[in-house]
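First up is the structure itself, then whatever we jot down about it.
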Amino acid sequence: EPEIMEEKPEVVEEIVEEKPEEEIITEEIIKEAKEEMPEETKEEEVIEETPKETTLAVQGTEIDWKDYTPGMALAGKGSKSIFLYFHAPWCSYCTKLKKTTFKNKKILAYLEKNFVSIQVDTDQNQALSSEWKVKGLPTLWFLEPDGTKINSIPGYMDAAQLLLVLNYIHTKSYAKMSFQEFMKQG
């Protein structure tokens with residue numbers, strides 16, 4: 001079940017929140033979907049964390065994160081959707097995502113094949129955090145290759161939940177049906 005996001009300890013400025021036109025994917029829908037999944041789908045295949053001495057990205061063991069500007073440019077040149085992840089070093093759920101969900105073999109393979117993955121440290125880039133109206137961490141945004149916003153999801157997600165959402169986004173099912181209808185198709 002998605003965990004509650006952590007609020008940033010210091011608020012630098014008040015952010016004006018835009019009301020979303022329609023929330024496509026809610027935490028409740030994800031929770032319901034997971035409860036309806038077969039048990040074998042729920043099991044997570046986690047790769048042990050790479051020792052700190054090896055900081056080079058080993059293909060298949062960690063996400064190939066891009067910085068914001070080069071990542072958006074790369075996505076704009078291709079046909080891959082964008083997975084935009086906002087985090088901070090002090091965020092415990094961000095650390096949990098990194099150590100569990102982002103180490104899952106299926107997540108790693110799916111992101112590598114179908115998405116440009118971009119991460120933004122909100123402490124180091126407060127301007128982007130404000131631009132994207134990040135209220136708590138972690139925040140996961142899903143975008144079309146041209147940068148058009150599809151949806152955002154606040155909080156922690158386990159690998160099974162994230163894989164469902166990634167599939168929904170990659171297959172462009174959001175253009176044809178709600179996430180609930182997508183889940184009913186199996």
Side-chain angles (χ1 to χ4, degrees), residues 1-3 5 18 20-47 57 59-68 70-87 93-94 96-98 100-120 132-134 138-186:
E1 144 178 359
E3 303 287 342
M5 299 182 310
E18 289 181 8
E21 294 171 15
E22 177 183 341
E23 190 164 320
I24 299 170
I25 306 170
T26 63
E27 291 178 26
E28 291 79 25
I29 293 171
I30 294 169
K31 181 180 176 184
E32 289 172 16
K34 186 176 179 190
E35 289 170 359
E36 294 172 10
M37 278 190 280
E39 281 302 315
E40 62 271 9
T41 309
K42 293 180 187 178
E43 293 178 18
E44 295 185 25
E45 298 172 31
V46 176
I47 298 172
Q59 187 168 4
T61 61
E62 60 182 58
I63 296 171
D64 181 19
W65 293 112
K66 306 290 185 214
D67 287 331
Y68 183 82
M72 293 296 274
L74 178 66
K77 293 177 186 173
S79 60
K80 290 183 176 183
S81 297
I82 301 166
F83 173 57
L84 179 57
Y85 166 57
F86 288 92
H87 66 95
Y93 287 123
C94 300
K96 185 176 179 181
L97 263 174
K98 182 180 175 183
T100 59
T101 305
F102 292 166
K103 294 290 181 183
N104 179 282
K105 293 175 187 177
K106 291 177 183 175
I107 295 294
L108 291 167
Y110 205 86
L111 284 172
E112 179 68 30
K113 183 177 179 185
N114 303 304
F115 287 82
V116 173
S117 300
I118 301 171
Q119 67 175 337
V120 177
W132 285 89
K133 301 183 181 4
V134 174
T139 295
L140 312 174
W141 267 100
F142 303 91
L143 316 171
E144 293 179 5
D146 66 1
T148 302
K149 295 176 183 178
I150 299 170
N151 199 32
S152 69
I153 299 176
Y156 173 82
M157 295 176 70
D158 67 27
Q161 294 167 326
L162 182 56
L163 196 57
L164 290 170
V165 174
L166 291 173
N167 188 29
Y168 178 69
I169 299 298
H170 170 66
T171 58
K172 300 195 183 314
S173 296
Y174 59 87
K176 301 172 233 153
M177 67 188 83
S178 72
F179 187 67
Q180 289 171 317
E181 291 169 329
F182 177 77
M183 292 308 307
K184 288 177 184 170
Q185 288 186 340

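We number each residue from 1, following the sequence as shown. Values reported hereafter were calculated over all heavy atoms of this structure, with side chains retained and with hydrogens, waters and symmetry mates removed.
Considering CD1 of Ile82 and CG of Leu74, their distance stands at 9.0 Å, rounded to 0.5 Å. Once rounded to the nearest 0.5 Å, the distance linking NZ of Lys98 with CD of Glu62 reads 8.0 Å. Distance check, rounded to the nearest 0.5 Å: CG of Leu166 to CG of Leu111 gives 5.0 Å. The distance from the CD atom of Gln180 to the CE atom of Met183 is 10.5 Å, given to the nearest 0.5 Å.
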Please lay out, stage by stage, how Tyr174 and Glu144 fare under the test side chain to side chain donor-acceptor pair (under 3.5 Å).
CA-CA 11 Å; Tyr174 59 87; Glu144 293 179 5; 3.2 Å; yes
What do the steps show when you test Met72 against Leu143 for side-chain contact (heavy atoms from CB on, under 4.5 Å), and what is the final call?
CA-CA 10 Å; Met72 293 296 274; Leu143 316 171; 4.0 Å; yes
What do the steps show when you test His87 against Val120 for side-chain contact (heavy atoms from CB on, under 4.5 Å), and what is the final call?
CA-CA 6 Å; His87 66 95; Val120 177; 5.7 Å; no
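Applying the side-chain hydrogen bond (donor to acceptor under 3.5 Å, both in side chains) test to Thr148 and every residue at least two apart in sequence or in another chain returns Asp146. Taking Tyr85 as the reference, nothing meets the side-chain hydrogen bond (donor to acceptor under 3.5 Å, both in side chains) condition, with sequence neighbours excluded. Residues passing the side-chain hydrogen bond (donor to acceptor under 3.5 Å, both in side chains) test with Trp141: none are found, sequence neighbours excluded. Annotation: ring pair (Phe, Tyr, Trp, His ring centres under 6.0 Å) contacts of Phe115 (sequence neighbours excluded): none. For the salt bridge (Lys or Arg N to Asp or Glu O under 4.0 Å) test, no residue two or more places apart in sequence or in another chain qualifies with Lys80. Scanning for side-chain hydrogen bond (donor to acceptor under 3.5 Å, both in side chains) contacts around Asn167 gives Tyr110, with sequence neighbours left out.
Formation of a donor-acceptor pair under 3.5 Å by the Asp67 side chain with backbone atoms of Pro70 is not found in this model. Between the side chain of Ser173 and the backbone N or O of Phe182 there is no donor-acceptor pair closer than 3.5 Å.
Considering every non-hydrogen atom in both Glu112 and Asp64, the closest pair reads OE1-CB, 3.9 Å. Between Lys66 and Val116, the shortest heavy-atom distance links the atoms CG-CG1, 4.2 Å. Annotation for Leu108 and Phe102: closest pair CD2-O, 3.3 Å, computed over non-hydrogen atoms. Of all non-hydrogen atoms in Lys103 and Thr61, the two that sit nearest each other are NZ-O, 3.8 Å. Shown here for Ala159 and Ile107, the closest heavy-atom pair between the two residues is O-CD1, 3.5 Å. The nearest pair of heavy atoms linking Tyr156 to Pro138 is N-CG, 4.0 Å.
Taking the six-membered ring where tryptophan is involved, the planes of Trp132 and Tyr68 are perpendicular, since the angle between them exceeds 60° and thus also 30°.
Residue-environment remark: NZ (Lys176) exceeds the threshold of 12 foreign heavy atoms within 6.0 Å.
Less than 6.0 angstrom separates the ring centroid of Phe142 from the ring centroid of Phe83.
Side-chain contact between Ser81 and Lys172 is present, with heavy atoms from C-beta onward closer than 4.5 Å. No side-chain heavy atom of Asp158 sits under 4.5 Å from any side-chain heavy atom of Thr100. Counting heavy atoms from C-beta outward, Val165 and Met157 have side chains that approach closer than 4.5 Å.
Shown are Thr139, Ile118, Leu140; of these, the side-chain contact (heavy atoms from CB on, under 4.5 Å) with Leu84 is made only by Ile118.
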